[in-house]
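The chains referred to below are lettered A, B, ... by the order of the sequence lines, with proteins before strands, and numbering in each begins at 1.
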Amino acid sequence: MAKPQAAVQNKRTFPFKHFVGYLFSIVLTLLAVWVAFESELPAKVIMNVIYIFAFLQAALQLLMFMHITETSNGRIQTGTILFAVFIAITVAAGSVWVMSAGHS
Amino acid sequence: MKWDEFFVTGDPLIYGADVAIAVTVLAIVSVLTYFKRWGWLWREWLTTVDHKKIGIMYLISAILMLFRGGVDALIMRTQLAVPNAGFLNSQHYNEIFTTHGTIMIIFMAMPFLIGLMNVVVPLQIGARDVAYPYLNAVSFWTFFMGAMLFNISFVIGGSPSAGWTSYMPLASNELSPGPGQNYYLLGLQISGIGTLLTGINFIVTILKMRAPGMTLLRMPIFTWSTLVTSIIIVFAFPILTVALALMTFDRLFGSHFFTLSGEGLDMLWANLFWLWGHPEVYIVILPAFGIFSEIISTFSRKTLFGYKAMVYSMIIIAALSFLVWVHHFFTMGTGALVNSVFSITTMAIGIPTGVKIFNWLFTMYKGRIQFTTPMLWSLGFIVNFVIGGVTGVMLAMAAADYQYHNTYFLVAHFHYVLIAGTVFACFAGFHYWYPKMFGHKLNEKIGKWCFWLFMIGFNVCFMPMYFLGLAGMPRRIYTYDPESGWFSLNFVATIGAFLMGAAFILLVYNIYYSIRRQKPEVSGDPWDGRTLEWATDGAIPPHYNFAVIPKVTGLDAFWRLKKEKQRERIDDAILPIHMPSHSGKPFMMSVFFFISGFGLVFEWFWMGIVGAVGVLVIMILRSLECDKGYYVSVEEIKRDLSSIKQ
């Protein structure tokens, strides 16, 4: 178990982590917009690229903003993440399934 | 835009409402000015971060909204009492069922329950406040401003009329022009911020601020239900936020997420709405289950039967609540496989709910039951909720749902679960915890009259609707022919609705009567309770809740303390208490949210921007603020304690 980083946090330094995370989030979003509107790729490829960007950004935000590595109780953290993944997949994949089934 | 387009004109009902609003505002302003209470209002209420006061403000708002939603209901029932009635035209009827549904769910049921959570949960876990008191004030004020924004729609600009579900394309610019639908979008968006923050706040509060010795499986069941509800809120509300934002873009900025043109997917709105909407159903029913569990256990003088089964069934319900949303639109015509899957998940959710019903029955088994008003509401719940639940399983069968869909059978079903579940719980919890908030009980005799009147009225109103539904009466129609044969049952339903209205008046009268006549409670334990909220010194807890945080040795912590006679306080154990300072920023920020929302409703973008800038400025001010709270001194605590003992 990683030690709590309270000591590090109390020091008033420039929040590089947040800054870099923010920058990368914007870049990833703009890239997704560019791929969707400007690139000449086929629709399926575009969808997959956007999926990948979305998951990258989710991971990035968890790492940079959401303190995922700072915990004293790994079990709760794991449980929460698993439940969140479950809900995310239900919402995203479930919607695609419901909206496309019966229309093919 | 001209002034006669800005204000709604031409309808005598609306003019009446205009006058009523003007008179009420004038009355409030003059009373506050006459008694010089503006400063008191600001210091004690508008800037408070105390969870009990915020809870009380939630409850007052919820009762006001219950009145508004109830009047909407009575107007609808009046229109439907006889065939071909001309009381309302179709547009007005549409507006009223839309505001009735939206207000009752978003601005009545949820705030009522969140209000009770606010008052009770920190006390139940032996905490001095919630984890983020400032955020709690932001929650309340954004909810309140969102609710007010939605409510002014019927006199300024016109109400939304596309149903509380706001299905596209009906809710689009083409079919619902004007600001009405925008009110729905912005009102829900702003109050949704508050709900989401409440969810986060209570998760952290319950996980991090429990009294020493209170393990997760020693928490009172209402606290458990709040925790599970908060988790559902945190996962479900972002879906609503996104869906509302997308529709706002469609309406204000011409995007095509849900429109018929430009390859929009209209049914995607229904899909997203119910992805939030079904968990929302459990957001308003799980705390209700928690309230009933507390009350049934207290008044059966027994510990809750199957505590662990209760906890696990709630967790299972929470997970399943995200897997059933398609049952709201089986008739969309997606494949048989999809409908079958969601049929099965829907029926599965009946299992943990059934477990809970039996646990309540076994809690009462061989208990010494006291028929107090809260207990009557709880018993009424069990019977009526089962009727709603069983008809719910009937609706869950996709093939049969093609018959029931969009009929009064459905209307009867969801009123049986929402009123007999949530509203009964609100009233039960309100009576039960009322002495904790105001220091005296509500009058039992009036309370029982209120219960019987409401319960009978409820059944007279909604039982006929099952049969109207089976006779083919569709929901959301503003009138019907005499040949339809629906007249007599509709007339009976209207009588029931007015009985419920009378019961509401009794409830309000009971509050008035009890303030004047009920004797004040001397102890903090008027019902011989079992959980820590009854362990406070004095009938109304001081703002820091507990002079000394109690130690928890097991389930029903306060009951155990009473049995072990460990209530003598050691004065040396009193230490200075750290409390958060008051702040006016949450209120001011929410006013800016209101301004921004109002601007966007009318597409006055300058005003929207002004409001948004105001919100940002207050956020920045808050970020730069250095506020470490303050300490309540030992002398003050001892002074409070001795004043209670006298």
Please check this pair: side chain of Trp269(B) against backbone of Thr165(B), looking for a donor-acceptor N/O pair closer than 3.5 Å.
yes

Distance-only side-chain donor-acceptor flag, Thr259(B) / Ser172(B), under 3.5 Å
no

Considering only heavy atoms, which portion of Leu268(B) lies under 4.5 Å from any heavy atom of chain A: side chain, backbone, both, or neither?
both

Using the ring of each side chain (for Trp, its six-membered ring), is Phe249(B) parallel, tilted or perpendicular to Phe253(B), with breaks at 30° and 60°?
perpendicular

Can you give the donor-acceptor pairs under 3.5 Å from side chains of residues 40-56 of chain A to other protein atoms, not counting sequence neighbours?
{"unit_1": "Asn48(A)", "atom_1": "ND2", "unit_2": "Lys44(A)", "atom_2": "O", "d": "3.4"}

Compare every heavy atom of Met110(B) with every heavy atom of Val284(B), then report the nearest pair and how far apart it is.
CG1-CG, 3.6 Å

Begin with the C-alpha distance, continue with both residues' side-chain angles, and end with the deciding distance and a verdict on ring-ring contact (aromatic ring centres under 6.0 Å, His included) for Tyr22(A) and His18(A).
CA-CA 6 Å; Tyr22(A) 186 56; His18(A) 297 86; over 10 Å; no

Which residues from residues 89-96 of chain A are near chain B, with near meaning under 4.5 Å between non-hydrogen atoms?
Thr90(A), Val91(A), Gly94(A), Ser95(A)

Chain B heavy atoms under 4.5 Å from Ala84(A): which part of the residue, side chain, backbone, both or neither?
both

Can you check whether anything in residues 316-328 of chain B gets within less than 4.5 Å of chain A, heavy-atom wise, and list it by number?
Ala319(B), Phe322(B), Leu323(B), Trp325(B), Val326(B)

Apply ring pair (Phe, Tyr, Trp, His ring centres under 6.0 Å) to Phe237(B) and list each qualifying residue two or more places apart in sequence or on a separate chain.
Trp276(B)

Pairwise side-chain contact, Val234(B) with Ile231(B), heavy-atom cut-off 4.5 Å (strictly under)
no

Verify the neighbour count for atom CD of Gln403(B): are there more than 12 heavy atoms of other residues, nucleotides or ligands below 6.0 Å?
no

Would you check, one step at a time, whether the test side-chain contact (heavy atoms from CB on, under 4.5 Å) holds for Tyr402(B) with Asn339(B)?
CA-CA 11 Å; Tyr402(B) 273 76; Asn339(B) 278 3; 4.0 Å; yes

